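This structure is a prediction, so every number in the text was calculated from the model and none was measured. Lettering of chains follows the sequences in order, A, B, ..., and the numbering in each one begins at 1.
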Number of protein chains: 2
Amino acid sequence: MSKAATKDSYHHGDLRSALIDTGLRLLAEKEGADISLREVARETGVSATAVYRHFPDKDALLGALAYAGYEKLFDAQDAAAQGQADREKAFRAIGQAYVHFAVANPDLFRLMTNCMPSAADVESGAFPGDNRAGVLLREYIAALLPNGTEWDRGVAAVQALALVHGLAQLVLGGQIPNDPKLIDAVVDQFGSWHDSQT
Amino acid sequence: MSKAATKDSYHHGDLRSALIDTGLRLLAEKEGADISLREVARETGVSATAVYRHFPDKDALLGALAYAGYEKLFDAQDAAAQGQADREKAFRAIGQAYVHFAVANPDLFRLMTNCMPSAADVESGAFPGDNRAGVLLREYIAALLPNGTEWDRGVAAVQALALVHGLAQLVLGGQIPNDPKLIDAVVDQFGSWHDSQT
DNA sequence: GTCGCGATGTTTACACTGTTTACTTACGCA
DNA sequence: TGCGTAAGTAAACAGTGTAAACATCGCGAC
């Protein structure tokens, strides 16, 4: 943002974020078709090789798009959790927000799952692992299983992640109808299972 | 199989299945890299355009590979269910077999999820929806929820699918350690949840 | 002020991809 | 025996990711 707004000059000003912006736009516009480095450059009004001044290769560009996608996802999850009365409802809202985000941004979400940060990435700080959703997940599970071992809590966390992620994937693939009531019911029942275990 | 074994002649004999074989082989060999039509043809010892006599385009070839993958997956699930004492254990074995298959064949599994048969495909008969795993899933859920409505059973089925599919995806992506004990525990606990609800 | 250097662009080129078109081969049936 | 057609080929085209060499601007040191 420091040297932006000089888009007509030889030097672009802030090409890196401009490329990310058009990348996100193309992902939102072109349903199903995957994105090409040259197209992102062309649509930004810049030569293809200019991209290489800001990203080592195409994967890095896609990774940056995925990163931006995760930030949008976390924002949506935060917003969904904000309005909830208690922690349990917030927890469920976060899970539902995950699926709804995937449905609303199918291509971006698919890209995100392809470039998903591994546990190593998060620990090394390359990805923002300290997002509010992750914190809430840990908090919620700790509260649900106060007497549970670390192992039990880990299993519960994995279950929550897998359920929500698999649900999103299946809805996107058309194996499960995109029915908000069904999605909410699946997530809600997962919560009540853990309730019944306390 | 009818006119095979004449691989040295101008006409290949059974090129279609030969292409599928090398496609599966390449998927198993090249970790992470995606497959190219030309490479499949080259590796089969045939020109690239010969592929088009058997598949309308690349997507169709990949679809055939995915189809073959599903058959292997269903076989693995059948085998896993076979040795189990009761239906409940068979149910869990099927779920675990799903994840283990994904871990053992990561690239094939990724391809399968990209070319996943939609509900419409299965109903139209394009994909074998009558696999033993699907039947067992329905049977098992019907037995678990004898008094449940159709809706309840649908929710339970979606939960089972989403949990197992999401688990496979997360393990493949490295977000969850590839720990068989963890995988089994996650699937097992899902079963005990439903047990506690009956 | 101006000068030069490094960051940021561009053009050109290469190997590779999926796909179309036109041509060739050989199998099976009349 | 001959021929139609299914099943192969080679050549060409547009598009891709990327490397190499060249051009342009911005900013700090003299």
Open item on the list: Just verifying a value: how many Å separate B/L145 CG and B/Y140 OH, rounded to the nearest 0.5 Å?
Closed with: 9.5 Å
Task: Reported OH-to-CG distance for the pair A/Y70 and A/L65, which is rounded to 0.5 angstrom - done: 12.5 Å
Between [atom2] on [N] and [atom1] on [X], what's the gap in Å once rounded to a whole number?
| X | N | atom1 | atom2 | result |
| --- | --- | --- | --- | --- |
| B/F55 | C/dT19 | CZ | C1' | 16 Å |
| B/D14 | D/dA7 | CG | P | 11 Å |
| B/E43 | C/dC16 | CD | P | 14 Å |

- [ ] Could you run through nucleotides 15-20 of chain D and give me one letter per nucleotide, 5' to 3': B if any protein heavy atom sits under 4.0 Å from the base, S if only the sugar-phosphate is that close, - if neither?
- [x] -BBBBB
TODO: Verify, without hydrogens or angle tests, whether B/N105 (side chain) and B/L108 (backbone) share a donor-acceptor contact under 3.5 angstrom.
DONE: no
Open item on the list: Whether A/H54 contacts C/dA7 is assessed here as follows: a side-chain N or O lying under 4.0 Å from the phosphate OP1 or OP2. Is that the case?
Closed with: no
May I have the list of side-chain donor-acceptor pairs in residues 57-64 of chain A shorter than 3.5 Å, sequence neighbours left out?
from: A/D57; atom 1: OD1; to: A/A60; atom 2: N; distance (Å): 3.1
from: A/K58; atom 1: NZ; to: A/I35; atom 2: O; distance (Å): 3.1

Task: Test salt bridge (charged side-chain N to carboxylate O under 4.0 Å, His left out) applied to B/K72 - qualifying residues, sequence neighbours left out - done: none
TODO: Check the angle between the aromatic planes of A/H165 and A/F109 and answer parallel, tilted or perpendicular using the 30° and 60° thresholds.
DONE: tilted
